[in-house]
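Note: hydrogens, waters and symmetry copies are ignored here, and every other heavy atom, side chains too, is used.
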Amino acid sequence: MKTKALVVAAAAAFAGVACADVSTVTIGEAKYPMAPDMWGIFFEDIDLSLDGGVYAELVRNRAFEDGLGGIRELTLEYWHPFGGATYELVAKGGPYEKSPAFCRVKSRKGGGILNDGYFGMNAVAGKSYDFGVALRGNAVVEVEFAGARHSFSIVDSDGKSWKEFSAKLVPELSDPKARLAIRLVEGDWFDIDCVSLMPGDRVAGLFRRDLVDALKALNPSFMRFPGGCWVEGDTMKCAYRWKQTLGGKWDRRTQWNVWKYWSTNAVGFHEYLLLSEALGAKPLFCINDGEAHRDKVPLDKMDEIVQDALDCIEYCNGGLDTEWGAKRAAAGHPEPFNLEYLEIGNERWGKEYDDRYALIYDAVKAKYPEVKIISNYFKDWQVKARPFELRDDHDYQRPDWFMSVGAERYGKMERGGFGIFVGEYAVTEGTGRYGSLRAAIGEAAYMCSLERNADLVKLAAYAPLFANVEHTTWTPNLIYIDTDRAYLTPSYWTQRLFGEYRGDEVLAIDIDTTTFDVTVPKTWGAKGNDDFTIRRVQGSALRRADGSVVLKLVNCGDEPAPVRVNLRGKAEKTVLTSAGADDANTAFEPDRVKPVTTAADFSGEDVLPPLSLSVYVIEQK
């Protein structure tokens with residue numbers, strides 16, 4: 001839309017509008033510096049977001065170490081015999097100590113086994129894929145993937161020794177639901193283990209490029225990992241212990257995930273750090289505090305847990321002359337990762353947490369006083385035993401709550417000796433599986449309040465980040481994925497606009513606007529209050545180093561909202577909105593809700609579309 005059309009549209013919308021219906025936005029002087037690390041991401045291994053998602057491996061149950069449900073009885077799930085072949089799972093004797101199970105295949109010529117991958121494998125014609133496998137037997141074995149074939153001869157084997165093979169496969173066909181076939185060409189049996197198939201254009205040799213690109217576009221300042229409930233696990237046996245995720249990919253335990261699937265831990269502590277580095281984001285590690293959902297480490301047995309905290313910092317920051325710094329270098333990264341933030345536990349509370357927090361806090365601060373400690377804040381309980389630099393708040397609510405209670409809470413909060421890390425937040429009630437426009441706008445109103453209160457709120461991250469469309473136990477999520485695509489929710493675009501349009505100083509902003517009331521069914525999230533009073537227009541204002549002003553205005557209502565702002569100048573305007581409050585992005589309409597950017601001379605008057613986020617970058621001379 002050209003500048004003239006913008007001006008005409010705004011003037012037409014103002015015509016006949018009573019002054020009381022016009023929201024007046026007054027931007028004042030700088031109040032304090034903007035929190036430089038405010039907008040980040042929270043990466044939890046939930047809903048196949050790593051295996052079957054960002055981790056580029058296409059083969060599922062690749063080392064035959066998956067179990068059945070939460071029981072460690074091994075399974076051949078995701079593998080299928082064909083061509084008259086028979087197969088059996090052998091629990092011991094594989095090529096790696098921590099990957100002892102393997103599959104024995106017996107067949108006539110042409111028979112073998114198929115792998116489904118994670119609900120199919122994305123084959124792109126002409127693209128190169130890296131294949132690897134460990135084989136044993138007395139046979140010639142052929143692998144096939146979407147028309148690409150390669151054979152391996154193990155006829156010289158004594159039938160007792162494993163041999164590793166690799167090949168480049170280039171599919172002849174494109175198929176997002178391809179499968180991997182491994183068949184017998186000569187002989188009558190073979191043993192197989194450690195099967196891998198990955199696209200050649202991986203980021204850092206590990207990650208699916210299109211999904212990393214989607215994360216990069218969020219411009220995250222930090223990445224919190226690995227959870228969430230995944231940190232705790234149902235029991236301490238299933239808790240996330242970072243040292244068990246180091247080493248070669250076949251030397252890591254396959255672990256039952258609290259979100260109901262088996263995790264390979266191929267993206268372990270080191271790989272999370274590599275992903276943070278690839279994104280240009282500071283790592284924020286959330287470490288197990290000695291508590292799981294159903295059990296805990298006794299206080300007199302906490303030495304190992306405390307040492308884990310010290311060692312993880314040394315792994316990230318230590319010199320090559322330290323034990324764990326040397327191990328980091330041996331893993332291929334001699335430079336430090338510079339861990340600045342350490343969170344102790346996830347969603348823990350009460351005396352049990354207080355006691356364990358104190359043990360870890362004292363040890364870390366004695367050796368690494370510069371590391372910022374983040375404590376849990378859960379069910380309105382705050383740690384008492386020791387101080388903390390940041391407190392981790394989690395908010396999952398209705399859009400109406402975010403537009404009202406959430407948008408006001410930090411402005412009313414007493415300032416003290418700590419800051420706030422909003423480690424998890426999202427509209428999870430009153431929205432659909434794939435989110436909605438109203439959810440995204442509710443979050444935008446809340447996020448404006450976080451910017452306005454950057455003297456208190458220092459970090460914030462939406463949750464969860466990813467979900468595979470075929471395995472979704474939590475809704476909504478920021479990005480939905482399948483074998484070949486990513487679906488960016490309306491909330492993704494809100495997060496992206498805030499991550500992109502930043503500033504250096506928080507400006508005073510006063511918005512004289514009307515209010516409206518919303519009554520919703522009572523839910524746990526509303527805490528017994530089903531009435532919300534919502535300010536129609538909300539916003540934040542930041543000033544950049546070049547003097548330009550970033551103004552974010554949110555229309556929380558279902559009608560257009562005329563605004564008058566005390567700023568003028570050449571401007572770029574980006575608007576996120578859609579025709580309906582429940583509009584979302586799906587496989588059928590992936591771009592239904594998406595921002596649009598235009599340039600104009602900003603006259604100080606505009607009309608905010610219903611349920612919208614408008615971001616203005618206004619030059620100031």
Side-chain angles (χ1 to χ4, degrees), residues 52 57-68 73-95 99-125 127-199 262 470 483-484:
E57 178 64 73
L58 300 181
V59 181
R60 191 167 190 182
N61 196 10
R62 63 183 186 174
F64 305 98
E65 297 295 334
D66 282 13
L68 297 172
E73 181 182 350
L74 296 172
T75 177
L76 279 165
E77 192 173 6
Y78 315 115
W79 292 94
H80 312 283
F82 69 90
T86 61
Y87 67 160
E88 65 175 317
L89 187 65
V90 183
K92 294 182 179 180
S99 179
F102 65 92
C103 181
R104 174 159 293 167
V105 181
K106 297 178 180 179
S107 181
R108 59 191 179 192
K109 183 177 179 179
I113 54 174
L114 290 167
N115 188 266
D116 295 330
Y118 293 88
F119 313 103
M121 303 177 180
N122 185 37
V124 179
K127 185 176 179 179
S128 178
Y129 292 76
D130 296 323
F131 175 79
V133 65
L135 293 168
R136 183 171 67 177
N138 192 347
V140 175
V141 174
E142 181 185 72
V143 58
E144 180 183 355
F145 178 58
R149 291 181 172 86
H150 194 93
S151 61
F152 307 100
S153 174
I154 50 175
V155 293
D156 295 329
S157 171
D158 59 8
K160 297 180 180 179
S161 302
W162 288 94
K163 186 175 181 180
E164 295 188 2
F165 298 87
S166 63
K168 298 283 186 182
L169 302 179
V170 181
E172 298 176 359
L173 308 169
S174 291
D175 182 1
K177 296 293 185 182
R179 296 194 294 179
L180 179 70
I182 302 168
R183 63 170 59 89
L184 197 69
V185 176
E186 294 181 15
D188 54 13
W189 70 277
F190 63 91
D191 292 340
I192 183 170
D193 200 3
C194 302
V195 189
S196 177
L197 181 67
M198 304 179 79
W262 289 91
E470 302 286 354
T483 62
D484 65 327

Nearest non-hydrogen partners of [X] and [Y], listed with the distance:
X      : Y      : result
Leu74  : Ala101 : CD1-CB, 3.6 Å
Trp262 : Leu68  : NE1-N, 4.1 Å
Asn115 : Trp79  : ND2-CE2, 3.1 Å
Glu186 : Ala139 : O-CB, 3.0 Å
Leu76  : Glu88  : CD1-C, 4.0 Å
Thr483 : Phe119 : CG2-O, 3.7 Å

Polar side-chain atom of [X] near backbone of [Y] as donor-acceptor pair, under 3.5 Å:
X      : Y      : value
Asn61  : Thr75  : yes
Arg179 : Asp116 : no
Trp189 : Arg104 : no
Glu144 : Ile182 : no
Tyr129 : Val124 : yes

Heavy-atom count check: over 12 atoms from other residues, nucleotides or ligands less than 6.0 Å from Glu73 CD?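 Atom CD in Glu73 is not packed in, count stays at 12 or less.
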Do [X] and [Y] have side chains that approach each other closer than 4.5 Å (heavy atoms only, starting at C-beta)?
X      : Y      : value
Arg183 : Val105 : no
Val140 : Ser153 : yes
Leu197 : Met121 : yes

Measuring from [X]:[atom1] to [Y]:[atom2], what's the distance to the nearest 0.5 Å?
X      : Y      : atom1 : atom2 : result
Leu180 : Phe131 : CG    : CZ    : 5.5 Å
Tyr87  : Asp191 : OH    : CG    : 15.0 Å
Leu114 : Tyr78  : CG    : OH    : 16.0 Å
Ser196 : Arg62  : OG    : CZ    : 5.5 Å
Ser161 : Leu135 : OG    : CG    : 13.0 Å
Leu89  : Glu77  : CG    : CD    : 12.0 Å

Please tabulate, one pair per line, all N/O donor-acceptor pairs under 3.5 Å involving side-chain atoms of residues 163-170, not counting sequence neighbours.
from: Glu164; atom 1: OE2; to: Tyr96; atom 2: OH; distance (Å): 2.4
from: Lys168; atom 1: NZ; to: Asp130; atom 2: OD1; distance (Å): 2.5

